[in-house]
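Each ligand, and each atom within it, is numbered from 1 in the order the structure gives. Side chains are part of it too, since the values below use all heavy atoms of this structure and drop only hydrogens, waters and symmetry mates. Quick caveat: nothing in here was measured; it's all calculated off a predicted structure.
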Amino acid sequence: MSAPLAGRTVSRMGYGAMRLERLHSDPGAAVALLRRAFELGVDHVDTAQFYGNGFVNGVIRDALRAGDDFLVVSKVGANPDPGGPRPIRLAQRPEELRASVEDNLRELGLDRVPVVNLRRADRGPGLIAEGDQVVDLDDQLAVLTAMRDEGKIGMIGLSHVTLDVLRRAVPAGIACVQNAYSLVTRDDEDVLELCVAENIAWVPFFPLGGAFPALPKVTDEPAVRAAAQALGRTPAQIGLAWLLHHSPNVHLIPGTASAAHLEANIAAGEIAFDDETLAALDAVPSRSMNVAL
Ligand SMILES: NC(=O)c1ccc[n+]([C@@H]2O[C@H](COP(=O)([O-])OP(=O)(O)OC[C@H]3O[C@@H](n4cnc5c(N)ncnc54)[C@H](OP(=O)(O)O)[C@@H]3O)[C@@H](O)[C@H]2O)c1
């Protein structure tokens, strides 16, 4: 169950570390959960300095041991904002992107962040750029490619991108794209198809519909629940397995703070669908992710 990502071959079942924020009061439990993911074969972790205001990056630093070879993927384009109305604020300007990569290097304890995703802000879900946070893509790619040349970034990825932005960015060398996408929210099929054509990994965030109540949930979908019952699996496992079947360039980063959910998510990689079940899941209509979070 491995596939190429950022010039390496990694397990297609990665781990989205955002949910580790919930273990803020028990960093030891957060480190143990991440070590459990590694024991189960996960070797791709998605993070950001703004997850828990550096807490999650600190957990990753503490969980990694000498000789470990994990693909750590972080993102820039927003910063922690602990006193603000939301826990993060946009930080799209080139000098902010550079400072954010430096913050990640320091907090992760790495000389190079293997992959840095540029989290754009011209579409939802989440924060949309206004004023001086509206920054041209070329100016952002210029600073990230400079940091790649300096060796501080291994490869560049993108997040929250439209088809047009991805097309413009491809010549810079893009390793992966992280957009909101799941079995019930598939508006970005065209972006996924361009990724397939350009050998870019597709790493959907909110693969189960995320934790925000306003977002459509994969596990509420009747076709998903029917498949789960027929196969003796959970609805979450069916939603993850469908993503893996949908396209060979999909890498998953489901987020959880629960060891039981972590184990169930990893086991979803074994699920096979017959043609009828796959057709029923493929026929689920896509719903919009553009809701206020
Ligand atoms: N690029 C970006 O801008 C961006 C934005 C958001 C997220 N991300 C990344 O994407 C990752 C995934 O997104 P996400 O964590 O928000 O959403 P998600 O993976 O769609 O859903 C997480 C939610 O599902 C629950 N869950 C996980 N596994 C489950 C299972 N087996 N059964 C039942 N419930 C389960 C989690 O709760 P429990 O903790 O209780 O399991 C949590 O409430 C994040 O961790 C983060 O690394 C990136």
So, does Arg22 sit close enough to ligand 1 that a heavy atom of it is under 4.0 Å from the ligand?
yes
Pick one of side chain, backbone, both or neither for how Thr256 approaches ligand 1, counting any non-hydrogen atom pair under 4.0 Å.
both
His245-Phe273 aromatic ring centre distance below 6.0 Å
yes
of all protein heavy atoms, closest to atom 42 (C) of ligand 1 is Arg19 NE, 3.5 Å
Identity and separation of the nearest protein heavy atom to atom 16 (O) of ligand 1:
Met18 CE, 3.0 Å
Any N/O pair Lys75/ligand 1 closer than 3.5 Å:
no
What's the shortest heavy-atom distance between Pro254 and Tyr15, and which atoms?
O-CD1, 3.8 Å
Can you list the atoms of ligand 1 that are under 4.0 Å from a heavy atom of His160?
2 (C), 3 (O)
the protein heavy atom lying closest to atom 11 (C) of ligand 1 turns out to be Ile253 O, 3.2 Å
Examine Ser159 against ligand 1 and note whether any of their N/O atoms are separated by less than 3.5 Å.
yes
Ala17, portion touching ligand 1 at heavy-atom distance under 4.0 Å
backbone
With no hydrogens and no angle check, is any side-chain donor or acceptor of Arg12 less than 3.5 Å from a backbone partner on Gly269?
no
Please work out which of Leu20, Leu208, Val203, Asn179 has its closest non-hydrogen atom nearest to atom 24 (O) of ligand 1.
Leu208
Tell me: protein heavy atom nearest atom 9 (C) of ligand 1, and distance?
Asp46 OD2, 3.3 Å
side-chain hydrogen bond (donor to acceptor under 3.5 Å, both in side chains) pairs, two or more places apart, involving residues 206-230
Glu221-Arg287
Taking distance alone, with N or O pairs closer than 3.5 Å, would you say Ser258 contacts ligand 1?
no
Using side chain to side chain contact (heavy atoms under 4.5 Å, CB included) as the criterion, list what pairs up with Val170, not counting sequence neighbours.
Leu166, Glu198, Ile200
Could you name the option among Tyr51, Phe50, Phe206 that has the heavy atom nearest to atom 13 (O) of ligand 1?
Phe206
If you scan protein heavy atoms around atom 17 (O) of ligand 1, the nearest is Gly210 CA, 3.3 Å
Is Ala211 in polar range of ligand 1, meaning some N or O pair under 3.5 Å apart?
no
Got the closest protein heavy atom to atom 34 (N) of ligand 1, with its distance?
His261 CE1, 3.5 Å
Just verifying a value: how many Å separate Arg93 CZ and Gln133 CD, rounded to the nearest 0.5 Å?
5.5 Å
Protein residue, atom and distance nearest to atom 5 (C) of ligand 1, heavy-atom basis:
Phe205 CD1, 3.3 Å
Between Gln178 and ligand 1, is there a nitrogen or oxygen pair with a distance under 3.5 Å?
yes
Once you round to the nearest 0.5 Å, how far does CG of Leu208 lie from CG of Leu240?
4.5 Å
Contact between Asn265 and ligand 1, counting heavy atoms under 4.0 Å?
yes
So for atom CD, which belongs to Glu95, do other residues, nucleotides or ligands contribute more than 12 heavy atoms lying within a distance under 6.0 Å?
yes
For atom 22 (C) of ligand 1, what's the nearest protein heavy-atom neighbour? Residue, atom name and distance, please.
Gly255 O, 3.4 Å
Do Phe206 and Tyr181 have ring centroids that are under 6.0 Å from one another?
no
Is it true that Phe205 and His160 have ring centroids separated by less than 6.0 Å?
yes
Please work out, at 4.0 Å between heavy atoms, whether the side chain, the backbone, both, or neither of Ala236 comes within that distance of ligand 1.
side chain
Quick check for you: to the nearest 0.5 Å, what is the distance between Ile60 atom CD1 and Asp62 atom CG?
10.5 Å
Minimum heavy-atom separation for Ser74 and Val113, please, with both atom names.
CB-CG1, 4.1 Å
Is there a polar contact between ligand 1 and Pro254, counting only N or O atoms under 3.5 Å apart?
no
Are more than 12 heavy atoms, taken from residues, nucleotides or ligands other than Asp68, located less than 6.0 Å from that residue's CG atom?
yes
